[in-house]
Amino acid sequence: MSTKRTKGVTIVYPIVYGNTASLLPQKKVPDSDHTHKWTVTVKGINGQDLGHFIKKVTFKLHETYSNPQRVVEHPPFEITETGWGEFELSIKLQFIEGSEKPVTLYHNLRLHSYEDDGSISTSSKNKPVQSFQYDELVFTDPPETLYQVLTTQPIPTLPSKPSNSPYSLQAEQDELRKIDEAYRKVQEQMTLYKNRNDKITKELEEVKAELDRIKK
Amino acid sequence: MTSNDVRDILELHSKHLNSTDNLTPSKKANKPEKEKKPDGIPRELFQLIGGPPPIAFVKPAFKAKPNLRKKAVHWEWQSFTNQGRGEDDQLTLHHWVKCTPTSESEDSGYWFAEYNKKIDILKYDDEEYEKYLTDKDWTKEETDYLFKLCDNYDLRFTVIHDRYEYKERSMEDLKDRYYSVCKKLLQVRPPEGSDKGALIAMNTYDKAKEEKRKKHMCALYLRSPEEIKEEEALLEEYERIEQNEKKFAKERENLLKLLSFQELAQPKRKKSLLSGPTTPTMEVGNSNFHTSTEIPKKNRRTSASSVGSAVIEAEVHNAPITARKEKFPQGVVVRSSKIPLPKQTMILKVQKTLQEFGLGPRPSIPTETVCARWVDLQKAIQTLLDVKKAVEKADHELKAKKVLLQKIKQNGLGSASKSANSGDAGGKQSDVTASVSGDGGGGDESSVVPTKRERITLTTTPRDAKRARK
């Protein structure tokens, strides 16, 4: 292959992908059973488009849609459709460098807003529903073309405070805190169980010894 | 319709007094002697002969009929000489030859002569011998003699060794000398184009190895049947041990994990909060001197012998994060897809535990640090669940033993030893798990079947025994 890889270099590019959905006003298309209009997008975390290193994006929708494979070759990488049901769709990103394998993201399309416990909320349906996921593309030893492109254009960094997007450094800290808290609790439980285990083994030894004694 | 038939239909069966069972057909019970006589022969004759003999099984052999269609072939008595014999030998023999219209004229060559292959062994002249082939143990005469024999007997060393009349030499000696001479000659003579290296390799003869091998073969052949059986049993044992090796290794790992988790204490927590968020910028992996020094420390941490000093552990906690950077393969990868999933059986349980902590099945912001911590957390949860299970099991065992002990104390020593035996016999390692069930379990060896009330015990696997012994 003609493109060389830059060894020892790792570039991390954060992206956000997901969908927004809004209820269609009923009067417009009375006989179709599509109730919602939704848009699936793949973007950078501050809304940047990814065209400088992504060649095309293939959205694979549910098979009941005509042409379920939708290919978008120029930014903005998004698909807008109407429908009535939620399903999982796959988003395949292909890079400008053909030798790099495409990566696939999976997203559960969300049309209805849900309460915390997972049940569908019946309150006001006027606000559009949003469901996004933050993720990072990790380029390890990127080939030259990608390296050039990714180093010339600035890579967005997480904003420190949440503004219009919910992803920020603070959110990351919160998550870390939660994880650490959970970890600590797990450790506590572990020590508890360990102590219990020690106690039990000791008792077991004693009882076994007694049984042996009785046997003899 | 005799009365017997009627009785049969009505299933009344016989009124004979000697019928033992109502259900067996009475005919058989009453008349063992009378056999139905065949119609062809008179009664007296039948009684003498005893009926037709039993059918003997003769396999139907296919008998080909002689092929009488063709006319007789003419054969001729011909003489021939065997080209395989030496040139001076003009022995004429005769044989029958089929006369077919296509046959060649007489004596076109004895068809078996082509099998008389001669091996062309290397020959040396005196000059070459003086230069390369002298040996303190072998005179030129003897070497010449050996080569002559080799030529005569087509390198059949068993024959050569038998006919060897010069000195007292073993077959390995002869072979050794022959092959070393050939090798030397090959090395020294100009290359012949074809694969010289292969030829040399073919002529290497390791005398010591050969002697050993032959001795070993003899010993193997002369083993007594007991020895053979013993060896097979040992092999079986070995294979079983190999198979269990994996199991033991896993258990060992579990133990180590449990121990190592014990020792990672509070100081680790503080340092981890200080190590701060890493913003997603370009990171050059190899310039980080941390990685090289801290990877060995990471290994130290996973081994059970880690000392509990706060400094080492604080540094060590950074190591998994920086070391993990190296782990991605070339190419693009989505961070969240790289989080290792727990074992199939554990996935749901781990997810439930995560839920209890208010976390979803995946981290919502999968940055590098978050993912690393996530993986740690997952592992910790898995270990915790394992430990929980082990503790529960040990607990059960303990309860069962306690109950057993109580029963023994209540019932006194007499019957107690029996029930103790029944308890101990389960698993043969004197370990039991308590589960009240009716069946006695597989390993219950006691010949005295204990009463249902006392049969609380079941067999265990060796693994539980190990756990209990811990």
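Values in this document were obtained by computation on a predicted structure and should not be read as measured data. Just so it is clear: chains get the letters A, B, ... in the order the sequence lines come, proteins before strands, and each one is counted from 1.
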Nearest-0.5 Å distance that lies between atom [atom1] in [X] and atom [atom2] in [Y]:
X	Y	atom1	atom2	answer
A:Asp180	B:Arg373	CG	CZ	4.5 Å
B:Arg362	A:Tyr134	CZ	OH	13.0 Å
A:Met190	B:Lys257	CE	NZ	9.0 Å
A:Gln189	B:Thr383	CD	OG1	13.0 Å
B:Leu404	A:Lys208	CG	NZ	13.0 Å
A:Asn197	B:Lys388	CG	NZ	14.0 Å

Begin from the C-alpha positions of A:Val207 and B:Leu398 and carry the test side-chain contact (heavy atoms from CB on, under 4.5 Å) through to its verdict. CA-CA 8 Å; A:Val207 175; B:Leu398 182 65; 4.2 Å; yes
Please classify the contact of B:Gln378 with chain A as side chain, backbone, both or neither, using a heavy-atom distance under 4.5 Å. neither
So what's closer than 4.5 Å to chain A heavy atoms on B:Ile381: side chain, backbone, both or neither? both
Give a yes or no on whether a salt bridge exists between A:Glu203 and B:Lys402, defined as a side-chain N under 4.0 angstrom from a carboxylate O. yes
Heavy-atom count around A:His52 NE2 within 6.0 Å, excluding the residue itself: above 12? yes
Within a 6.0 Å radius of atom NZ on B:Lys349, are there more than 12 heavy atoms belonging to other residues, nucleotides or ligands? no
Can you tell which of A:Val103, A:Ile15, A:Ile179, A:Leu137 has the highest number of heavy-atom pairs within less than 4.5 Å of chain B? A:Ile179
Let me know which of B:Leu359, B:Val370, B:Leu377 forms a side-chain contact (heavy atoms from CB on, under 4.5 Å) with A:Lys178. B:Leu359
Close side-chain approach of A:Lys101 and B:Val332, heavy atoms under 4.5 Å: no
Between A:Val186 and B:Phe357, does the side-chain contact (heavy atoms from CB on, under 4.5 Å) criterion hold? Intermediate values first, please. CA-CA 10 Å; A:Val186 169; B:Phe357 291 124; 3.8 Å; yes
For A:Glu136 and B:Thr367, does a side-chain donor sit closer than 3.5 Å to a side-chain acceptor? no
side-chain contact (heavy atoms from CB on, under 4.5 Å) evaluation trace for B:Asp395 with A:Arg196: CA-CA 9 Å; B:Asp395 206 17; A:Arg196 213 175 128 199; 3.0 Å; yes
So does B:Ser364 get a backbone contact from the side chain of A:Glu175, meaning a donor-acceptor N/O pair under 3.5 Å? yes
Donor-acceptor pair, side chain of A:Asp135 and main chain of B:Ser336, under 3.5 angstrom: yes
Closest non-hydrogen atom pair, [X] against [Y]:
X	Y	value
B:Ile365	A:Ala171	CD1-CB, 3.3 Å
B:Val391	A:Tyr193	CG2-O, 3.6 Å
A:Gln133	B:Pro366	NE2-CD, 4.2 Å

Go through B:Leu405 and A:Leu211 one step at a time and tell me if the side-chain contact (heavy atoms from CB on, under 4.5 Å) criterion holds. CA-CA 7 Å; B:Leu405 198 61; A:Leu211 278 173; 3.8 Å; yes
Against chain B, label A:Leu105 side chain, backbone, both or neither, depending on which of its atoms sit under 4.5 Å from a heavy atom there. side chain
Holding to ring pair (Phe, Tyr, Trp, His ring centres under 6.0 Å), I want the full list of residues that pass it with A:His62, two or more places apart in sequence or in another chain. A:Phe87
